[in-house]
Enquirer: 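Have a look at this one before I ask anything.
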Amino acid sequence: MIFELDEDLKNLELEKPVITRSPFSDNEETIISNDECHDMISEPPQSLQDYLDVDVPSARHTEKRRPSAVAKFSVLSPMHTRKVSISSAKNGDETNASPHSDTGVTTSSPTSNHTSGDPNSRNLQDFQPVRVLGKGAYGKVILVKDQKSNKLFAMKQLKKAEILINEQEIKDDAKEDKPDNKNIERTFAEKTILSELEHPNIVKLFYSFHDVSKLYLILQYVPGGELFFHLKEHGTLDEDTVSFYAAEISCALKFLHDKGIVYRDLKPENCLLNDRGHLVLTDFGLSKKSLEDNDMSNQVDDVFTLHSIIGTPEYAAPEILQGLPYNKNCDWYSLGCLLFDMLVGKPPYTGTNHKVIINKIQKDKNGPKIPYYLSEGMKDMLNWLLKKDKLKRWQVDKYWAETREDSRQGKGKKKKVGKQRELKYQSHFIFRKIDWKLMESGDLQHTTLGPIVPLITDWELAENFDSEFTSMSYDDGYTMEIPARNSKDDLFKGFSYKASGSYLDRYF
Ligand SMILES: Nc1ncnc2c1ncn2[C@@H]1O[C@H](COP(=O)(O)OP(=O)(O)OP(=O)(O)O)[C@@H](O)[C@H]1O
């Protein structure tokens, strides 16, 4: 017994708090005067008992990957299913979203080139399976080699039957009487959104096609594995590393938000590292596009009301979990959870099931306690991202960068920091080492390595992916292709897509 206590104390010695100078002490612009901030910061331990109570995990809280979920609000147990969503006609995105349209992508898309006229331009036989990389709610993600070019891709498969069963379950649960294809439209989100985007921190989509049983997305292969995999190895990450990833994720989120897209599923499992250690966001199955760029509060789409538990509870904003209207600000709360996870070894709220997590979030009036041992800058960032009240949370999109107007008004001028934070996000102390211009242009990826450079001896080995997946058989996910019926009854008609030649050339 005594030996165990000694061991505990030895471990605590190793976890000594990092003392840093307040980055804000001589910065006129930033006045942290909101009492709520202080409520959220845990006090340094005054006694040994206090010290023992401080939650400083020596190993990661969870070893298990967390599935994304969509469920109606009343469901409070861990989800085993996931549903993809898509912008609906209500959002003015009919042209892009309709699964029944073969001309489904805007002409302004840098990558668009639908293959309705040429449905066989790419098919399963073109890609030779190498190994399994991961598993999602509707199927496997397999590393494949293009037989024509020998290039490697990640093939994400979605089983049509499971999408349809899931859709029926949700419809039954919700006792809704809606046309069937309303939910089917949502399966197109990932393809439609990705086919319109080109950003250094967002996974690229090159082809999509379907056969009688599955939908296939041929994505850029990101060989460094999930951030989740690296976090498991490291336990926690230092603040410079976390700030770097925070900046890369922020660039991706801001880019999405500017295009009216809310990501809604930020978690370490969906952040991949490329071969140079830069972060790439994947899995757009829960993303939502809206014309209402600024606020989605007035939308009546069921995704925002009935099926409000969307994403992964540990990282989802309180307003989503409470079934309240929400907007793009929810992604910044999730970023706060992700940063907290990287720094502390677990997200702010954890529990054995979703109900426990949701109860904890609801009971906690002032938001999560920020560990005292983080630097003042990091505490400040977490405080403002993790505000429970979305109106008090940092409106990062609004206060993203210093504008010309701001500079004209005088940089050194004092700004009131009351209920809303007006400090420009990119100027925050934790980003002092970030060259935003280089990062946003994508040039940084070519000139600089990220903080964790994944070990890759052979891209085909997928060494940075969990052996739980890489040792899996891909057979059941790689059967003979039976072409999809080319009839008006096929609910997934119009899914096929091919990126333009110039887009492919640019990447390879
Ligand atoms: N482009 C890619 N390159 C390398 N690995 C990938 C890629 N896309 C996905 N993966 C791997 O496959 C896993 C599952 O993919 P993804 O998250 O897209 O599936 P999902 O069905 O949406 O999963 P979930 O139900 O957890 O949301 C990822 O976490 C990752 O490990």
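One-based numbering, in listed order, for ligands and for the atoms of each. Remember, it's a predicted structure, so these values are computed and weren't measured experimentally.
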Enquirer: Evaluating non-hydrogen atoms only, which member of Leu273, Leu143, Leu272 is closest to atom 7 (C) of ligand 1?
Expert: Leu272

Enquirer: Check whether any side-chain heavy atom of Tyr507 sits under 4.5 Å from a side-chain heavy atom of Phe206, and report yes or no.
Expert: yes

Enquirer: Considering only heavy atoms, which of Leu152, Asn274, Val222 lies nearest to atom 3 (N) of ligand 1?
Expert: Val222

Enquirer: Any heavy atom of Phe153 sitting closer than 4.0 Å to ligand 1?
Expert: no

Enquirer: Closest heavy-atom contact between Glu440 and Pro200?
Expert: O-CG, 4.3 Å

Enquirer: Which atoms of ligand 1 are found less than 4.0 Å from any heavy atom of Leu133?
Expert: 4 (C), 5 (N)

Enquirer: Cut-off 3.5 Å, no hydrogens considered: what does the side-chain donor-acceptor table look like for residues 451-460, sequence neighbours left out?
Expert:
unit_1 : atom_1 : unit_2 : atom_2 : d
Thr457 : OG1    : Glu463 : OE2    : 2.2
Asp458 : OD1    : Glu460 : N      : 2.9
Glu460 : OE2    : Lys145 : NZ     : 2.8

Enquirer: Tell me whether His234 contacts the main-chain N or O of His230 through its side chain, where contact means a donor paired with an acceptor under 3.5 Å.
Expert: yes

Enquirer: Judging by distance only, is a nitrogen or oxygen of Lys135 under 3.5 angstrom from one on ligand 1?
Expert: no

Enquirer: Could you tell me whether Glu226 approaches ligand 1 through its side chain, its backbone, both or neither, with non-hydrogen atoms closer than 4.0 Å?
Expert: side chain

Enquirer: Relative to the heavy atoms of Thr282, which atoms of ligand 1 are at a distance of less than 4.0 Å?
Expert: 8 (N)

Enquirer: Ignoring hydrogens and geometry, is there a side-chain-to-backbone donor-acceptor pair from Lys267 to Ser334 under 3.5 Å?
Expert: no

Enquirer: Any nitrogen or oxygen of Glu269, side chain or backbone, less than 3.5 Å from one on ligand 1?
Expert: yes

Enquirer: For ligand 1, which atoms sit closer than 4.0 Å to a heavy atom of Asn270?
Expert: 17 (O)

Enquirer: Hydrogens and angles aside, do Thr312 and Asp265 bring a side-chain donor and acceptor to less than 3.5 Å of each other?
Expert: yes

Enquirer: Show the atoms of ligand 1 that are less than 4.0 angstrom away from any heavy atom in Val203.
Expert: 1 (N)

Enquirer: Counting heavy atoms only, which part of Phe465 comes closer than 4.0 Å to ligand 1: side chain, backbone, both or neither?
Expert: side chain

Enquirer: Between the side chains of Glu190 and Lys156, is the shortest nitrogen-to-carboxylate-oxygen separation below 4.0 Å, so that they form an ion pair?
Expert: yes

Enquirer: Can you find an N or O of Glu190 that's nearer than 3.5 Å to an N or O of ligand 1?
Expert: no

Enquirer: Among side-chain atoms of Asn123 and Tyr216, is any donor-acceptor pair under 3.5 angstrom?
Expert: no

Enquirer: Centroid separation under 6.0 Å, is that true for the rings of Phe255 and His199?
Expert: yes

Enquirer: Going by the closest heavy atom to atom 14 (C) of ligand 1, which one wins out of Ile142, Leu158, Leu286, Val141?
Expert: Val141

Enquirer: Tell me the contacting part of Gln220 for ligand 1: side chain, backbone, both, or neither, using a 4.0 Å heavy-atom threshold, strictly below.
Expert: backbone

